[in-house]
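Predicted model only: the values in this text are computed from it and were never measured. Counting starts at 1 for both ligands and their atoms, following the listed order.
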Amino acid sequence: MSSMERYNRIAVIYELMELPMELLAFSSWRRMLFGELAGHGAERVLEVGVGTGKNIPFYPRGMSFTALDVSERMLSRARKRAAGRAALVLGDAERLPFRSSSFDACISTYVFCSVDDPLAGLRELRRVLKRGGRAYFLEHMRSENRAVGLLQDLLNPAFRLLGPEINRPTKENIAMAGFGIVEERHLLGTVFRFIVAEKR
Ligand SMILES: C[S@@+](CC[C@H](N)C(=O)[O-])C[C@H]1O[C@@H](n2cnc3c(N)ncnc32)[C@H](O)[C@@H]1O
């Protein structure tokens, strides 16, 4: 089953499923990401995997942005939230429908755990960024702690039924896609991380 099918299937319960983590941590991490973004004065911003639009309230006032998702059912919820503030596009991160070097900054929150071919998606993200442009990631990935990593390997098949893979080497994937990693903050062990990467 593709990510599009998975997220179309769970769109109706997605926010309920995420609610505990949203209240405990995600919202404050989103605020941190958008604080960093605002500090860099980007004008053309792309969000990949916008989902139901949970980041939309965190965008600085007056900033317009483009946001894409592969799931029509997730995107239709984001459309309601955006209320005209964003250009919302149904599309695949692995084949972004944008010209090369057309954005100053890109954002993804909890997305590259789900994109079917994460390396292809990350390479596309890099392609559409202008040189010197930054990509801001909030992602969960395989822990550097051996025991936690093994537990993630064990639990991964169950999580995959719902949507994400929990044991991907996302930091390494970002570097492999050609980005330079500018900053990495560990938010919950080495499982949840904030990563800022640059197209050099
Ligand atoms: C876990 S949700 C995160 C949604 C949102 N970013 C958030 O922070 O709540 C992952 C999202 O990535 C989207 N996604 C998965 N694969 C994708 C792809 N190839 N292209 C675009 N979006 C994709 C899913 O449809 C889903 O909306």
[X], any N or O under 3.5 Å of ligand 1 N or O:
X	value
Thr109	yes
Tyr110	no
Thr52	no
Val111	no
Met74	no

With the threshold set at under 4.0 angstrom, would you say [X] reaches ligand 1 through any of its heavy atoms?
X	answer
Val48	no
Tyr14	yes
Gly91	yes

Over 12 non-hydrogen atoms of neighbours within 6.0 angstrom of CZ in Phe58 |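 Counting other residues, nucleotides and ligands, CZ of Phe58 exceeds 12 neighbours.
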Side chain, backbone, both or neither: Tyr7 near ligand 1, heavy atoms under 4.0 Å =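 Side chain only.
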Check each heavy atom of Ser3 against ligand 1 and say whether those closer than 4.0 Å belong to the side chain, the backbone, both or neither.
->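 Within the 4.0 Å criterion, Ser3 contacts ligand 1 through side-chain atoms alone.
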[X]: numbered ligand 1 atoms lying under 4.0 Å from its heavy atoms:
X	answer
Asp92	18 (C), 19 (N), 20 (N)
Lys54	9 (O)
Leu68	21 (C)
Arg30	7 (C), 8 (O), 9 (O)
Gly51	4 (C), 27 (O)

Are [X] and [Y] close enough that a side-chain donor and a side-chain acceptor fall under 3.5 Å?
X	Y	value
Asn145	Thr190	no
Thr170	Glu139	no
Ser143	Gln152	no

Angle class for the Phe65/Tyr59 ring planes (parallel below 30°, perpendicular above 60°, tilted otherwise)?
->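 Aromatic pair Phe65/Tyr59 classed parallel.
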Could you give the distance from CG (Leu68) to CG (Leu88), rounded to the nearest 0.5 Å?
->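 Going from the CG atom of Leu68 to the CG atom of Leu88 covers 9.5 Å.
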Nearest protein heavy-atom contact for [atom]: which residue, which atom, what distance?
atom	value
atom 20 (N) of ligand 1	Ala93 N, 2.8 Å
atom 5 (C) of ligand 1	Gly49 O, 3.4 Å
atom 25 (O) of ligand 1	Asp69 OD1, 2.6 Å

Among Arg134, Lys130, Arg126, salt bridge (Lys or Arg N to Asp or Glu O under 4.0 Å) partner for Glu198 |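 By the salt bridge (Lys or Arg N to Asp or Glu O under 4.0 Å) criterion, Glu198 pairs with just one of Arg134, Lys130, Arg126: Arg134.
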Reference residue Arg193; test salt bridge (Lys or Arg N to Asp or Glu O under 4.0 Å); the match among Glu184, Glu183, Glu172 |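 The salt bridge (Lys or Arg N to Asp or Glu O under 4.0 Å) with Arg193 is passed solely by Glu184 among Glu184, Glu183, Glu172.
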Which one of Asp117, Asp116, Asn8, Val70 has a non-hydrogen atom at the shortest distance from atom 14 (N) of ligand 1?
->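 Answer by nearest heavy atom: Val70.
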Ring-ring centroid check Phe34 Tyr136, cutoff 6.0 Å =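 Ring centroids of Phe34 and Tyr136 are no less than 6.0 Å from each other.
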Could you tell me whether a side-chain N or O of Arg77 sits under 3.5 Å from a main-chain N or O of Arg73, the two making a donor and an acceptor?
->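 A pair under 3.5 Å: yes.
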Can we say Glu124 and Arg95 salt-bridge, meaning some charged N sits less than 4.0 Å from an Asp/Glu carboxylate O?
->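 So Glu124 does not pair with Arg95 through a salt bridge.
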Report the C-alpha distance between Trp29 and Phe194 in whole Å, list the side-chain angles of each, state the deciding distance to 0.1 Å, and finish with yes or no for ring-ring contact (aromatic ring centres under 6.0 Å, His included).
-> CA-CA 8 Å; Trp29 295 345; Phe194 173 57; over 10 Å; no
